[in-house]
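Small disclaimer: the values here were computed from a predicted structure and weren't measured. Naming: A, B, ... by sequence-line order, numbering from 1 per chain.
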There are 2 protein chains.
Amino acid sequence: MTTTSMKDVARAAGVSVGTVSNVLNRPEAVAEETRRRVQTAIAKLGYVRNDSARQLRAGRSRNVAIVVLDVANPFFTDVVRGAEPLVDSAGGVVTVCDSGEDVHREQRHLEILEEQRVLGLLITPVDGSSSERLERLTAHDIPVVLVDRGAGQHPHCSVAVDDVYGGRTAAAHLVERGHTSIAFIGGPIAIPQVGDRLAGCRAVCEEAGIHLEAFTSVSLNVAGGREAIEQMLGLPEVPTAVFCANDLVALGALQGLTMHGVKVPEECAIIGYDDIDFAAAAAVPLSSVRQPRSQLGRTAAQLLFDEIAEGEDHTHRNVVFQPELVARASTAAAL
Amino acid sequence: MTTTSMKDVARAAGVSVGTVSNVLNRPEAVAEETRRRVQTAIAKLGYVRNDSARQLRAGRSRNVAIVVLDVANPFFTDVVRGAEPLVDSAGGVVTVCDSGEDVHREQRHLEILEEQRVLGLLITPVDGSSSERLERLTAHDIPVVLVDRGAGQHPHCSVAVDDVYGGRTAAAHLVERGHTSIAFIGGPIAIPQVGDRLAGCRAVCEEAGIHLEAFTSVSLNVAGGREAIEQMLGLPEVPTAVFCANDLVALGALQGLTMHGVKVPEECAIIGYDDIDFAAAAAVPLSSVRQPRSQLGRTAAQLLFDEIAEGEDHTHRNVVFQPELVARASTAAAL
DNA sequence: GTCTTGGGTTGAAACGACTCAACACGCCTC
DNA sequence: GAGGCGTGTTGAGTCGTTTCAACCCAAGAC
């Protein structure tokens, strides 16, 4: 069965293609009786609109893409969840792309998305200096909203959580518990969130005159955390507390420490970041720094549609949320 | 800046559009010198192919859609991960859609995907009887591969894990540990996986003459598990073991039991399903039934491309994997 | 009886890329 | 010098939809 087009429907209903189009797009402009005839024809032939043709005509698709660092990270799925309803109700369709923290995959996605003439883009870019690639999109009139990325020099709207503040909060909590030697475990420092969290942490440590050891995990997941712990345990002086750049890493760290018989929190405390659902369900419930995840997504989508609506006279907005400490068992022991 | 088309490039390079098209699609057919001229023109104008136009002409997009029950479930993200490389290397693009276990959302996604003339579809359908909606797609020449769905009556290729066997395995493990009263917690029974796991469990219980109590959680996630536990604890005789339809539910159950001061596994054992990464990292490491997740995705994608390649003389294939018991602390106590 | 008005409908012109038959040109052969 | 060959290039036609000026026609105004 070869695909049926509007022409076939028109013929079957004895009207012109223009009328079929009207039935589909502005039914109120078509006479009752005609409309019905067209609709039965559509049903009988099993006609399905061809979106490519629509888009070609419209010059733009109705897809909103969300490019995340890792779909397997609950943080991002929550962000996506937050954005979806808003996009949906605006008649858009969400496309999720996973860059896997890899610049080349991100690049490939961006190229494809540009070819698809997406309506807009929410992205957590892999590195800090990706602006040139993104600006190419904005130059081609594709609005870009940065997610979880501070109000920097970039010419885009953005939503973010104050990661420096979050880093400070986590470190302050550890200091308050009496720790005097702290390790930081986090993925590529090039990822701004990681850098900021570390910066906040470092600031507090310096103020308090505390030793800080930073480990660079290969990536921000469970395996990365486990591996970093291996390194850490090789130190002559093993720190008594670990601040992980996100909860997945923290879970990995927890596994690593437990495997080596190090008691959490008695011998080593752990604090994560994001407060994903699994954090509370971990072997030792994880302390963490909570981010308003779905709100991030929702706000980002909102900014995107605002930008689309405002057109020329749009000025970029940068929304920053404050994270919040959630203390649990993994930092419960006082020294 | 209005979008530049092949025509603009052609003009700038002093050639015809046909030649530009050739440079893009069959560069070897174009003379070296011409090719270079066209390429500089492309670079200078910042030309980007218009995918809608391509697709319109081709009659088909290069998108492969994966429709899952829940993107936040690591099981599915792993399946997606498994499928991605294969789709990628076949020149396709993956689109992930989340049905959220909701028939209407699934339906909406299917409609949109059909309008987009996707290359093919990997789907874990919400209910068992969704075949009519899917057959509409196949009637329109869109190949569909069922994921995690047994070799039933359906006219599709499929990959699946033997869920009845998995259910039996889990139940047998509990019986072996001496439990004589077991609860099953699982989402809508209409979801075939849930039904099958329950069936396998029930069969073993009947053979062993053991009491089985089944609870229907609203959905297959952490919250669903927590809520079901509330119900279960209301029973006059509280079961001594719980078999959860997936690990998220099991994590929820673990939270629920812990909240009510019920010790796991001493007072109540738990076994989950899927063996997601978080299962091992839980407060009490969860026993589970492991599925070859990424292999499911990879095989599904393979079947899809096989079907596309074989065309007319394709016969559907149903691949079934065997799951595997992973015993951990949550079922460690003997009675 | 002519003139408006306006609800319905029409048909052709876009949109941008791809395809393919036709052609142009240089070179070689007989 | 006619014919054949091979390599490059062309341009018109096509995909399916939307849009919009033009048109038709019946009803109401004068």
Side-chain angles (χ1 to χ4, degrees), chain A residues 1-39 41-42 45-62 91 111-112 114-119 140-141, chain B residues 1-39 41-42 45-62 91 111-112 114-119 140-141:
Chain A
M1 173 199 278
T2 130
T3 36
T4 69
S5 73
M6 278 186 28
K7 222 184 304 183
D8 305 311
V9 175
R11 189 171 18 233
V15 299
S16 76
V17 290
T19 301
V20 177
S21 174
N22 281 336
V23 170
L24 258 26
N25 300 309
R26 314 176 310 158
E28 74 285 357
V30 179
E32 171 95 22
E33 133 81 4
T34 316
R35 198 191 323 156
R36 216 174 2 236
R37 231 169 47 231
V38 171
Q39 269 155 354
I42 287 178
L45 298 179
Y47 165 74
V48 177
R49 250 199 181 94
N50 185 323
D51 209 39
S52 320
R54 288 189 90 186
Q55 287 179 199
L56 172 56
R57 191 73 234 281
R60 183 119 306 194
S61 87
R62 28 198 243 292
E111 280 164 12
I112 292 176
E114 191 175 356
E115 289 187 2
Q116 303 199 110
R117 303 289 192 269
V118 289
L119 197 54
H140 286 42
D141 278 334
Chain B
M1 174 199 276
T2 132
T3 37
T4 69
S5 74
M6 277 185 30
K7 222 183 305 181
D8 304 312
V9 175
R11 188 172 18 234
V15 298
S16 76
V17 290
T19 300
V20 177
S21 174
N22 281 336
V23 170
L24 257 27
N25 301 308
R26 313 175 303 145
E28 74 284 358
V30 180
E32 171 93 24
E33 134 81 4
T34 316
R35 197 190 325 155
R36 211 170 10 232
R37 228 170 49 233
V38 172
Q39 270 155 353
I42 287 179
L45 298 180
Y47 166 74
V48 177
R49 251 199 182 88
N50 184 324
D51 210 39
S52 321
R54 288 188 90 188
Q55 287 180 196
L56 172 58
R57 190 74 232 282
R60 182 119 309 195
S61 87
R62 28 197 242 290
E111 280 164 11
I112 292 177
E114 192 175 354
E115 289 186 0
Q116 303 199 79
R117 303 289 191 270
V118 288
L119 197 54
H140 286 42
D141 279 335

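Computed from coordinates, the B:Gln116 CD to D:dG16 P distance equals 17 Å when rounded to whole Å. In this structure, the CG atom of A:Leu45 is 15 Å from the C1' atom of D:dG16, given to the nearest Å. Rounded to a whole Å, the CZ atom of B:Arg11 is 14 Å from the P atom of D:dT10. Put simply, CZ on B:Arg60 is 15 Å from C1' on D:dG16, counting in whole angstrom units. In this structure, A:Arg35 places its CZ atom 15 Å from P of C:dG7, rounding to the nearest Å.
Although no hydrogens or angles enter the test, the distance criterion places no donor-acceptor pair under 3.5 Å between the side chain of B:Arg26 and the main chain of B:Val23.
Going from atom CG of A:Asn50 over to atom OG of B:Ser52 covers 10.0 Å, rounded to the nearest 0.5 Å.
In the set C:dT9, D:dT10, D:dG8, D:dG8 carries the atom at the smallest distance from any side-chain atom of B:Ala31.
Counting all heavy atoms, side chain and backbone alike, B:Arg60 lies closest to B:His140 at NH2-O, 3.9 Å.
Under the side chain to side chain donor-acceptor pair (under 3.5 Å) rule, A:Glu33 has a single partner from A:Arg36, A:Arg35, A:Arg37, which is A:Arg37.
When side chains are defined from C-beta on, A:Ile42 counts as touching A:Leu24, because their heavy atoms get closer than 4.5 Å.
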I would like to know whether A:Asp51 and A:Arg62 meet salt bridge (Lys or Arg N to Asp or Glu O under 4.0 Å); could you show each step before the answer?
CA-CA 10 Å; A:Asp51 209 39; A:Arg62 28 198 243 292; 2.9 Å; yes

Polar atom pairs (N or O), protein with nucleotides 15-19 of chain C, under 3.5 Å:
| unit_1 | atom_1 | unit_2 | atom_2 | d |
| --- | --- | --- | --- | --- |
| C:dA17 | OP1 | B:Tyr47 | OH | 2.5 |
| C:dA17 | OP1 | B:Asn50 | N | 3.4 |
| C:dA17 | OP2 | B:Met6 | N | 2.5 |
| C:dC18 | OP1 | B:Arg54 | NE | 2.7 |
| C:dC18 | OP2 | B:Asn25 | ND2 | 3.2 |
| C:dC18 | O2 | B:Arg57 | NH1 | 2.5 |
| C:dT19 | O4' | B:Arg57 | NH1 | 3.1 |

